[in-house]
Amino acid sequence: KQEVTQIPAALSVPEGENLVLNCSFTDSAIYNLQWFRQDPGKGLTSLLLIQSSQREQTSGRLNASLDKSSGRSTLYIAASQPGDSATYLCAVSNFGNEKLTFGTGTRLTIIP
Amino acid sequence: NAGVTQTPKFQVLKTGQSMTLQCAQDMNHEYMSWYRQDPGMGLRLIHYSVGAGITDQGEVPNGYNVSRSTTEDFPLRLLSAAPSQTSVYFCASSYRTGTQPQHFGDGTRLSIL
């Protein structure tokens, strides 16, 4: 059974710092890995999707990497801003785009 | 473009009552799914559908029923509500190819008294 872990559960950093969020998974036979953002009381917004054949994806100040062999992904946020404060969720799929297995998330607070 | 629309946004039920959570998408996605989100447990898959007329169970299907009569709609039915079903429910949709991300609704916050 696939298990996804995100550590730390919460993280606070001053505005302007670069930061890394971690995600690990137990079954390396994944199809894709997705990073989502969730604001309080809201749904999930997709940030980046990395297919199993890819090593990284970038969108603006966000960069996600994938190392299937070690079962790890990182989400790098450059020049953090207070608006980046949210919970970040990692999810993996072992078949197509179906049946995502989620981590419990990292709650990020950017201190102005 | 509406995306994924969930109704209602909030609901309070008494134990034993039944209700249907509605989910609709306007992106012609084949795949739709329901998750529940509980504190400290992440999102867990309840049921999913790969197309009209096809549904299957996820990780936590007990106490829930689904049907998919059209591509657009995927309602979730609570047959006899229990306090353990108090949660936030999210509907998601996507293409099946795995190259595009899943789209989520804003959720239904359900309390069972």
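Here is how names work: the chains are called A, B, and so on, in the same order as the sequence lines, proteins then strands, and each is numbered from 1.
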Open item on the list: Please tell me whether B:S87 and B:D38 have a donor and an acceptor in their side chains that are separated by less than 3.5 angstrom.
Closed with: yes

Task: Proximal component of A:L89, with respect to chain B [non-hydrogen, under 4.5 Å] - done: side chain

Open item on the list: Which atoms of B:R44 are under 4.5 Å from chain A, going by heavy atoms: the side chain, the backbone, both sets, or neither?
Closed with: neither

Open item on the list: Rounded to the nearest 0.5 Å, what separates atom CD1 in A:I111 from atom OG in A:S85?
Closed with: 8.5 Å

Task: Lys/Arg N to Asp/Glu carboxylate O, A:D27 vs A:K1, below 4.0 Å - done: no

Task: Residue pair B:G51 / B:S49: nearest heavy atoms and the distance that separates them - done: O-OG, 2.9 Å

Task: Heavy-atom donor-acceptor pair, A:Q34 side chain to A:L100 backbone, under 3.5 Å - done: no

Task: Residue pair A:S80 / A:E15: nearest heavy atoms and the distance that separates them - done: O-CG, 3.5 Å

Task: Which portion of B:L43 sits near chain A, non-hydrogen atoms under 4.5 angstrom - done: both

Task: Interface residues of residues 6-25 of chain B facing chain A - heavy atom cut-off under 4.5 Å - done: none

- [ ] Specify the closest pair of heavy atoms between A:Q38 and A:L44, including all atoms of both residues, with the distance to one decimal.
- [x] NE2-CD1, 3.8 Å

Task: Candidates B:R77, B:R36, B:Q57, B:H47 - the one meeting side chain to side chain donor-acceptor pair (under 3.5 Å) with B:Y64 - done: B:R36

Task: Region of B:V50 that comes under 4.5 Å of a non-hydrogen atom in chain A - done: side chain

